Amino acid sequence: MRSHTDMAQQSTRVMIFAPLASLAGIVGVTAVMAVFGTHFGVTSMEAVLSGGLVAFLASIGGFAVLGLKHLRKLERLSNSDALTLLPNRRALHRDVAEHMSDQHEVALAIVDLDGFKIINDHYGHLVGDETIKTIGKIIRDICGEEADIYRLGGDEFAVLMHGDLAGTLLEGHSRRIIERLAKSVKIGEKRLTLGASIGLARNAPGQTVSSSEMLRRADVAMYASKRGGKMRCTWFNEAFDRSREQIKQLDDDLRQALTLGEFRMHYQPLVDSNTRRIVAVESLMRWERPDGKTVGPNTFIPVAEESGLINPIGLWVLRQACVDALEWEGVTLSVNISAAQLRNPEFPIQLGHILEETGFDPERLELEITETCLVLDPVVAERSLNLIRGFGVGVALDDFGTGYASIGFLRQFRFEKLKIDRSLVVQASEDESSRAMMLSSITMAQAMNMAVTAEGVETQAQADMVRAAGCDQIQGWLYFKAMPADEIKQHLGKTITGVEAGGTNTDRGVKVA
């Protein structure tokens, strides 16, 4: 298939050289006539010249018409996407400027696919191209004739509407797009699930903005949808710009904190339900800034994940935790990893290097992941987890009870441990339905040979309840708060009770993930 550039070059060559070739032919014929002019009268010679001139002018006119046709074709090519044949970014700028008015709304949606890179990496670019074409058709079918559809490049599309209630109508289309892309899409013999995050922007009647500003606002709103959990649409508001400045500053501060060593590690012990002795510790990271303020993980982890800093930060946590836990013999070390780390194909290799560098026994290491890490890309996640298990490292599913993990989901990933989230423990102590849910979860985990830990245990009644339900380990303020590494050793080997541990609910440990 010829590219737009090849076709444009051919059109240009036709437009330039065809009239010249015609002129050369006519001049050549006239020259021949002149040489043999002795055989013709003057009148005949004039007729030849006149005929040649007429032919030349006719040729010029014909090729001018041809040239205009080619120019129109070039214009269409320069404003369309070669893969989907949809209008492109240049066409979108043109149309936004054309429709912009202080009399009515112009509304723009940026649609970004959530899982396209993974499909490209896993199945190849041919499947990726077919996916893009199919998604373009899906969006076009949903919006119909009411909106203009564009492909901006990569896995990004745009939808433009103008007129009364443009914003309201466009939001409706956007929600239908999200609903449709939440379902699988058939590509050849495969069924792929992507999802989409959408950012919306509009001009209010009585004001106009440039096309570049409209795209920027929609793009900012789209990233807000990504940060908000994906599979949603978000309208731009001016607070996003202020937030972006704060995020940029936080990102700069995070980079400096990593360089200057401002992060600290604390560890919260897990107690065996029967022996009531410490059998494991969970590593929890804190960021203590030079001004004395502590920044919570719910603030800086999303920024680190978006910027890619989560990878070096996560490796620092893993290495430091392995070093700290070397002397805690017989104690399992749990380290949280984020979805971004699990998606990183280099992570299993980096983990292997850390285990080798520190000399930490891989069978004493347990990586905690949340369901979100797996749902976003189960194929890549399963591949990474298989490599991780190859080192002898265990894998635990954290925060169980907050998502939608099914029996098939648990069987697929073969976790060594299930950690019941604090919210389910609290609810189970308050109502029968939640207690039944917790009991069934524990029974299911035991049937799959998984150990079970109850998180966030704060009262003796809760401890008695989860112990009776069959939990193997208990974690929470009733027994221990998170503490620095140098305080762990004094508690090892001792039988723990809630009173003796001096637990407190004023200090929540913070996770990396």
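This one's a predicted model, so the numbers in the text were calculated from it and none came from an experiment. Scope of the values below: all heavy atoms of this structure, side chains included, with no hydrogens, waters or symmetry mates.
- Judged by distance alone, the side chain of Lys186 and the main-chain N or O of Gly188 form a donor-acceptor pair under 3.5 Å.
- Using a distance-only test at 3.5 Å, with no hydrogens or angles considered, no donor-acceptor pair links the side chain of Gln320 to the main chain of Trp316.
- Checked against side chain to side chain contact (heavy atoms under 4.5 Å, CB included), Arg435 has the following partners two or more places apart in sequence or in another chain: Ala428, Glu432, Leu439, Met465.
- In this structure, CG on Leu355 lies 10.0 Å from CD1 on Ile388, to the nearest 0.5 angstrom.
- Between Val425 and Glu455 the shortest side-chain heavy-atom distance does not fall below 4.5 Å.
- With values rounded to the nearest 0.5 angstrom, Ser441 atom OG is found 11.0 Å from Met450 atom CE.
- Just one of Asp251, Asp253, Asp252 meets the side chain to side chain donor-acceptor pair (under 3.5 Å) condition when paired with Arg255; it is Asp251.
- A donor-acceptor contact closer than 3.5 angstrom links the side chains of Arg414 and Asn386.
- In this structure, Glu156 pairs ionically with Arg89, as a charged nitrogen and a carboxylate oxygen lie closer than 4.0 Å.
- At a threshold of 4.0 Å, the pair Asp219-Arg216 does not count as salt-bridged, since none of the basic side-chain nitrogens sits closer than that to a carboxylate oxygen.
- The shortest side-chain heavy-atom distance between Val457 and Gln462 falls under the 4.5 Å cut-off.
- Around the CE atom of Met231, the shell of radius 6.0 Å holds more than 12 heavy atoms that belong to other residues, nucleotides or ligands.
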Derivation of the side-chain hydrogen bond (donor to acceptor under 3.5 Å, both in side chains) call for Gln427 and Asp431: CA-CA 6 Å; Gln427 292 167 9; Asp431 67 84; over 6 Å; no
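- Taking a 6.0 Å sphere around OH of Tyr223, one finds it holds 12 or fewer heavy atoms contributed by other residues, nucleotides or ligands.
- Residues satisfying the side chain to side chain contact (heavy atoms under 4.5 Å, CB included) criterion with Val331, sequence neighbours excluded, are Val281, Trp328, Leu492.
- The CG atom of Leu270 lies 11.0 Å from the CG atom of Asp472; values are rounded to the nearest 0.5 Å.
- In this structure, CD1 in Ile354 is found 12.5 Å from CD1 in Ile349, a value given to the nearest 0.5 Å.
- Counted within 6.0 Å of CD on Glu288, heavy atoms from surrounding residues, nucleotides or ligands total more than 12; the atom is thus considered enclosed.
- At distances below 3.5 Å, at least one donor-acceptor pair connects side-chain atoms of Ser225 with backbone N or O atoms of Ile198.
- Salt bridge status for Glu282 with Lys419: present, with a side-chain N to carboxylate O gap under 4.0 Å.
- There is a side-chain donor-acceptor pair under 3.5 Å between Arg176 and His173.
- When side chains are defined from C-beta on, Leu397 does not count as touching Phe413, because their heavy atoms never get closer than 4.5 Å.
- Put simply, the residue from Lys226, Lys117, Arg151 that forms a salt bridge (Lys or Arg N to Asp or Glu O under 4.0 Å) with Asp112 is Lys226.
- Glu416 meets the side chain to side chain contact (heavy atoms under 4.5 Å, CB included) test with Arg389, Val395; sequence neighbours excluded.
- Ring geometry for Phe300 against Trp287 counts as perpendicular: the plane angle is over 60°, on a 0 to 90° scale with 30° as the lower cut.
- Checked for salt-bridge contact, Glu130 and Lys133 meet the test: a charged N lies under 4.0 Å from a carboxylate O.
- The main-chain N or O of Gly261 is found under 3.5 Å from a side-chain atom of Arg264 such that the two form a donor-acceptor pair.
- For the pair Asp421 (side chain) and Phe400 (backbone), a donor-acceptor distance under 3.5 Å is absent.
- Other residues, nucleotides and ligands place no more than 12 heavy atoms under 6.0 Å from the CD atom of Glu329.
- How far CG of Leu254 is from CG of Leu250: 5.0 Å, rounded to the nearest 0.5 Å.
- Listed for the Arg467 side chain is a donor-acceptor partner under 3.5 Å among the backbone atoms of Ser273.
- In summary, Arg175 and Glu171 engage in a salt bridge, as defined by a charged side-chain N under 4.0 Å from a carboxylate O.
- Between Arg180 and Val185, the closest side-chain pair of non-hydrogen atoms falls below 4.5 Å.
- Crowding of Gln446 atom CD: a count of heavy atoms from other residues, nucleotides or ligands under 6.0 Å exceeding 12.
- Rounding to the nearest 0.5 angstrom, the gap separating the CG atom in Asp272 from the CD1 atom in Ile496 is 11.5 Å.
- A donor-acceptor pair under 3.5 Å links the side-chain atoms of Ser384 to the main chain of Leu342, judged by distance alone.
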